[in-house]
Amino acid sequence: MSKAKHSLEHGAEFPYDASDDWWAGDGSNPPAAKDWAHSAARGVLADLNDRSGIKSVLEDIEECVRVELVETLAEIIRAAAA
């Protein structure tokens with residue numbers, strides 16, 4: 001499996017923008033991505049979370065900022081595809 005495919009799957013299984021309540025729970029039923037670009041943004045963040053030095057910074061970000069970050073990345077991805 002390619003690194004990109006793995007990152008997309010990991011981002012779907014552990015969505016960076018999921019609520020704090022979801023993260024504190026048992027990890028079942030992750031919230032679905034809104035569309036392909038949202039899925040891609042989650043995949044990018046999943047890849048970044050696997051990198052030393054970056055993971056510790058991304059873990060300390062508040063829920064509202066995580067949501068905004070994923071939404072902004074998804075918008076950038078959509079714009080690049082247009």
Side-chain angles (χ1 to χ4, degrees):
M1 173 185 308
S2 73
K3 176 67 176 162
K5 180 76 172 163
H6 178 282
S7 295
L8 288 170
E9 289 180 3
H10 191 72
E13 188 175 356
F14 301 102
Y16 184 69
D17 57 334
S19 69
D20 289 339
D21 288 340
W22 183 85
W23 281 104
D26 64 5
S28 62
N29 301 316
K34 297 174 185 177
D35 64 9
W36 66 273
H38 190 223
S39 177
R42 286 177 169 179
V44 168
L45 284 158
D47 180 75
L48 291 173
N49 262 323
D50 282 344
R51 298 177 185 273
S52 63
I54 297 173
K55 181 176 184 164
S56 61
V57 174
L58 291 175
E59 287 177 341
D60 294 332
I61 295 180
E62 295 177 11
E63 179 181 337
C64 63
V65 177
R66 293 192 318 264
V67 169
E68 181 182 355
L69 180 57
V70 172
E71 288 175 359
T72 301
L73 284 172
E75 288 176 24
I76 293 167
I77 292 165
R78 283 185 205 100

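Heads up: numbering here begins at 1 and tracks the sequence. In this text the structure is predicted, and so the values were computed from the model without any measurement.
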Can you give me every donor-acceptor pair (side chain of residues 43-50, partner residue at least two apart or in another chain, under 3.5 Å) with its distance?
unit_1 : atom_1 : unit_2 : atom_2 : d
Asp47  : OD1    : Arg51  : NH2    : 3.4
Asp47  : OD2    : Arg51  : NE     : 2.9
Asp47  : OD2    : Arg51  : NH2    : 3.0

For residues 2-15, which side-chain donor-acceptor pairs fall under 3.5 Å, sequence neighbours excluded?
unit_1 : atom_1 : unit_2 : atom_2 : d
Ser2   : OG     : Lys5   : N      : 3.0
Ser7   : OG     : Lys3   : O      : 3.1

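Taking every heavy atom of both residues into account, Arg78 and His38 meet most closely at NH2-N, 4.3 Å. Gly27 approaches Pro30 most closely through the heavy-atom pair O-CD, 4.3 Å. Closest non-hydrogen pair, Ala18 versus Pro31, comes out as CB-CG, 3.9 Å. Nearest heavy atom pair, residue Asp60 against residue Ser56, reads OD2-O, 3.3 Å. Nearest heavy-atom pair across Tyr16 and Leu58 is OH-O, 2.9 Å.
Glu59 CD: more than 12 foreign heavy atoms inside a 6.0 Å radius.
Checking Ser19 against Asp21 by side-chain atom types alone, no donor-acceptor pair falls below 3.5 Å.
Taken together through direct or relayed side-chain contacts under 4.5 Å among Ile, Leu, Val, Met, Phe, Trp and Tyr, Ile54 and Trp23 form parts of separate hydrophobic clusters.
Every residue meeting the side chain to side chain contact (heavy atoms under 4.5 Å, CB included) condition with Ala40, not counting sequence neighbours, appears here in chain and number order: Ile77.
To the nearest 0.5 Å, atom CD of residue Glu68 and atom CG of residue Leu73 are 10.5 Å apart. Rounding to the nearest 0.5 Å gives a distance of 11.0 Å between CZ of Arg42 and CZ of Arg66.
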